[in-house]
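In what follows, a structure is listed as structure tokens, so that the remarks can point back to it.
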Amino acid sequence: FYQKKYTLMEHLQDLKETARQAFYWNSFDPEKSGNRTLREHEEQLQSDLVGIPETEKERYIENYRKYFIKWLNAHSNCASSAVTGGANFNVSRAEKANMREHDVYGEFIEWRERALNAIAKKVEDAKPIEQKIAKEWEAVKRDIDRHYLPQNLYNRMETIARNGKVEIIEKAIAYVRELNSQRSRPIFTERHKFFRLIDVAKKANEFKEELSNKENQEQPFNGGIVVFNYQEDRLQLLFDEKPSFDIIQQLKKNGFRWSP
């Protein structure tokens with residue numbers, strides 16, 4: 001026989017009535033629809049929490065609930081003529097409510113993605129440098145092992161070198177030489193510029209160190225400040241208030257990303 005496993009409600013159990021109201025005008029069974037939605041989001045929330053450090057969990061749960069409740073409230077304004085009846089049904093108002101609900105849920109999705117990425121970055125940054133180098137080297141080693149075109153492999157190694165990853169390039173050069181000794185045809189000959197990437201990496205690393213010691217610069221503009229953050233190697237825009245949707249879209253098109 002088949003048995004369905006239900007997730008134990010731990011963080012959203014107090015929202016049953018809010019969820020029911022969210023489907024009151026758009027479902028023939030608001031209670032069932034509301035409970036299903038709660039279970040789905042409880043499962044999502046619990047899945048997210050598995051990879052989140054204990055110090056970050058309370059804040060994440062609080063913000064998850066805030067965005068989820070906001071969406072439920074927006075959904076409660078959505079109506080279906082099949083449920084309410086077609087007489088005097090305000091189509092225009094229903095369309096506006098649906099658009100609002102869609103936008104609010106979009107905000108929910110974007111927040112969750114940003115939050116999880118920010119937490120993952122914080123966890124990664126907190127790891128010992130030796131652990132991060134070992135992890136990165138394993139990825140590079142796999143690239144070398146499965147390379148199929150030397151030029152593609154060189155381009156990958158050049159990118160790493162230009163990021164100042166001296167230890168990774170040193171390991172890569174030693175590993176390629178080891179593989180070359182076992183092959184009739186080398187991956188790169190000793191005259192290839194691949195073996196000079198260590199100089200590129202060292203120069204890039206020196207440049208990064210110079211920047212890290214350089215004092216940040218700020219340039220105010222109407223509504224915020226431009227920060228030349230040399231320590232983080234970033235150009236940052238700090239706004240006094242949340243910018244308009246159009247400005248946010250323009251920033252995204254130009255490679256800017258929101259950061260907490």
Heavy-atom neighbours of His192 NE2 exceed 12 at 6.0 Å: yes
Whether Tyr64 side chain and His41 backbone form a donor-acceptor pair below 3.5 Å: yes
Inter-residue atom distance Ile69.CD1 - Asp14.CG, 0.5 Å rounding: 7.0 Å
Flag if over 12 foreign heavy atoms under 6.0 Å of CD, Glu107: yes
Gln13 atom CD, neighbour heavy-atom count above 12 within 6.0 Å: yes
Distance (rounded to the nearest 0.5 Å) between Lys70 NZ and Lys66 NZ: 8.0 Å
Closest contact, heavy atoms only, Cys78 versus Glu101: SG-CB, 3.5 Å
ring-ring contact (aromatic ring centres under 6.0 Å, His included) pairs, two or more places apart, involving residues 17-36: Phe23-His75
Distance (rounded to the nearest 0.5 Å) between Asn229 CG and Glu218 CD: 9.5 Å
Proximity of Trp111 and Tyr67 rings by center, below 6.0 Å: yes
Counterpart residues, side chain to side chain contact (heavy atoms under 4.5 Å, CB included), relative to Lys96 (two or more places apart): Ser92
Taking every non-hydrogen atom, the tightest pair across Ala94 and Ala79: CB-O, 4.3 Å
Min side-chain heavy-atom separation Phe68-Thr18 under 4.5 Å: no
Minimum-distance pair of heavy atoms, taken over all atoms of Ala204 and Ala161: CB-O, 3.6 Å
Set of salt bridge (Lys or Arg N to Asp or Glu O under 4.0 Å) partners for Glu190, sequence neighbours left out: Arg177
ILVMFWY cluster, Ile248 and Leu237 together (side-chain gap under 4.5 Å): no
Donor-acceptor contact present, side-chain Ser181 to main-chain Glu178, <3.5 Å: yes
Any side-chain donor near an acceptor of the partner, Gln46 and Glu42, under 3.5 Å: yes
Pairs where residues 81-101 contributes a residue and the test ring-ring contact (aromatic ring centres under 6.0 Å, His included) is met, not counting sequence neighbours: none
Fellow cluster residues of Val140, listed by chain then number, with links counted only when side-chain atoms sit under 4.5 Å apart: Ile129, Ile133, Trp137, Ile144, Leu153, Tyr154, Met157, Ile160, Val166, Ile168, Ile169, Ile173, Tyr175, Val176, Leu179, Ile187, Phe188, Phe194, Phe195, Leu197, Ile198, Val200
Student check: side-chain heavy atoms of Glu17 and Arg20 closer than 4.5 Å: yes
Counterpart residues, side chain to side chain donor-acceptor pair (under 3.5 Å), relative to Gln249 (two or more places apart): none
Residues which pass salt bridge (Lys or Arg N to Asp or Glu O under 4.0 Å) with Arg100, listed by chain and number, not counting sequence neighbours: none
Within one Ile-Leu-Val-Met-Phe-Trp-Tyr cluster: Met99 and Leu72, side-chain cutoff 4.5 Å: no
Side chain to side chain contact (heavy atoms under 4.5 Å, CB included) partners of Gln131, counting only residues at least two apart: Lys127, Pro128
Salt bridge (Lys or Arg N to Asp or Glu O under 4.0 Å) against Lys57, all qualifying residues, sequence neighbours excluded: Glu54
Connected via hydrophobic side-chain network under 4.5 Å: Phe245 and Phe239: no
Closest non-hydrogen atom pair, Leu235 against Phe256: O-CE2, 3.6 Å
Heavy atoms from other residues, nucleotides or ligands near CZ of Arg183 exceed 12 (cutoff 6.0 Å): yes
Sequence-distant partners of Arg162, salt bridge (Lys or Arg N to Asp or Glu O under 4.0 Å), two or more places apart: Glu158
Interatomic distance, Asn35 atom CG to Leu15 atom CG [nearest 0.5 angstrom]: 11.5 Å
Side-chain ion pair, Asp199 and Lys203, N-O less than 4.0 Å: no
Set of residues satisfying side chain to side chain donor-acceptor pair (under 3.5 Å) with respect to Lys165, sequence neighbours excluded: Glu136
Polar contact flag, side-chain donor to acceptor under 3.5 angstrom, Gln151-Asn155: yes
Closest non-hydrogen atom pair, Pro53 against Ile119: CD-CG2, 3.7 Å
ILVMFWY network linking Ile225 to Leu251, side-chain heavy atoms under 4.5 angstrom: no
Non-hydrogen side-chain atoms of Asn63 and Arg59 separated by less than 4.5 Å: yes
Straight-line distance of Leu38 CG to Arg36 CZ, nearest 0.5 Å: 10.5 Å
Check: Gly223 main-chain N/O paired with Glu241 side-chain donor or acceptor under 3.5 Å: no
Heavy-atom donor-acceptor pair, Ser47 side chain to Glu43 backbone, under 3.5 Å: no
Set of side chain to side chain contact (heavy atoms under 4.5 Å, CB included) partners for Glu113, sequence neighbours left out: Asn117
Close side-chain approach of Asn216 and Phe228, heavy atoms under 4.5 Å: no
Heavy-atom pair of closest approach, residues Glu124 and Lys135: OE1-NZ, 3.7 Å
Single-linkage hydrophobic cluster, 4.5 Å side-chain cutoff, Leu45 and Ile109 together: yes
